[in-house]
Amino acid sequence: MDCLFCKIIEGSIPADVVYEDDHVLAFKDINPISPLHVLFVPKVHFVDLSDSYEKEEELLYVFKAIRNYVAEENLNDKGYRLVINAGELGQQTVAHLHVHLISGRQLSWPAG
Ligand code: AMP
Ligand code: ZN
């Protein structure tokens, strides 16, 4: 399967990994939009939430990993944002579900 994030998970494409467990890999976004910009990726390939049937537990693992990372990085006080882009209107560019963790600067809302 020609999936960039599967290749990063396999190790055939390098990434700046900040967290890994049996179910989840997290690495720095190559084109960060904030001082802290990490992508949390389930190791099992699925495209988006609509593709997650029978794989819902992978979503739980991803959010547990985010919760723990947020605590370790002391982001609960500072604040942060989680984003899942989906489909064309949502400007998803990599077709393997991932959650953006964005922090380290004042964020604005609504996002553009
Ligand atoms: P999305 O637009 O939500 O699909 O997000 C995909 C993200 O992957 C973008 O923020 C890209 O900057 C990031 N990205 C693309 N290639 C790499 C890579 N090789 N390593 C790390 N992040 C990447
Ligand atoms: Zn994949």
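Start at 1 and go down the list; that is how both ligands and their atoms are numbered. Basis for what follows: all heavy atoms, side chains included, without hydrogens, waters or symmetry-related copies.
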Interfacing atoms of ligand 1 (cut-off 4.0 Å, heavy-atom, Asn31): 12 (O)

Gap between atom CD1 of Ile102 and atom CG of Leu75 - 0.5 Å precision: 12.0 Å

Approximate separation, where rounding is to 0.5 Å, of Leu25 CG and Leu39 CG: 10.0 Å

Linked, directly or transitively: Val38 and Val24 (ILVMFWY side chains, under 4.5 Å): yes

Whether Glu58 side chain and Glu56 backbone form a donor-acceptor pair below 3.5 Å: no

Structural part of Ile13 in contact with ligand 1, heavy atom criterion under 4.0 angstrom: neither

Reported CD-to-CZ distance for the pair Glu10 and Phe5, which is rounded to 0.5 angstrom: 13.5 Å

Neighbour count above 12 (heavy atom, 6.0 Å) for Lys28 NZ: no

Proximal atoms of ligand 1 relative to Thr93 (non-hydrogen, under 4.0 Å): 1 (P), 2 (O), 4 (O), 5 (O), 6 (C)

Ser34 (side chain) donor-acceptor with Gly104 (main chain) under 3.5 angstrom: no

Shortest protein heavy-atom distance from atom 17 (C) of ligand 1, along with the residue and atom involved: Ile30 CG2, 3.6 Å

Any donor-acceptor pair under 3.5 Å from Lys43 side chain to Asp21 backbone: yes

Nearest-0.5 Å distance, OG of residue Ser52 to CG of residue Leu59: 5.0 Å

Nitrogen or oxygen atoms of Val94 and ligand 1 under 3.5 Å apart: yes

Leu39 contact mode with ligand 1 (heavy-atom cut-off under 4.0 Å): side chain

For ligand 1, the portion of Lys28 having any non-hydrogen atom under 4.0 Å away: backbone

For ligand 1, the portion of Gln91 having any non-hydrogen atom under 4.0 Å away: backbone

Residue among Val70, Val18, Asp29 satisfying side-chain contact (heavy atoms from CB on, under 4.5 Å) with Leu101: Val70

Closest protein heavy atom (residue, atom, distance) for atom 16 (N) of ligand 1: Leu4 CD2, 3.3 Å

Under 3.5 Å: N/O of Asp29 near N/O of ligand 1: yes

Per-atom contacts of ligand 1 with Gln92, taking only distances under 4.0 Å to non-hydrogen atoms: 4 (O)

Phe5: numbered ligand 1 atoms lying under 4.0 Å from its heavy atoms: 8 (O)

Check: His98 ring centroid to His100 ring centroid under 6.0 Å: yes

Sub-2.8 Å protein N, O or S atoms surrounding the Zn ion (ligand 2): Cys3 SG, Cys6 SG, His45 ND1, His96 ND1

Shortest protein heavy-atom distance from atom 5 (O) of ligand 1, along with the residue and atom involved: His98 NE2, 3.0 Å

Proximal ligand 1 atoms for Asn85, defined as those under 4.0 Å from one of its heavy atoms: 1 (P), 2 (O), 3 (O)

Interatomic distance, Leu36 atom CG to Tyr69 atom OH [nearest 0.5 angstrom]: 5.0 Å

Reference residue Ile9; test side-chain contact (heavy atoms from CB on, under 4.5 Å); the match among His96, Glu20, His45: His96

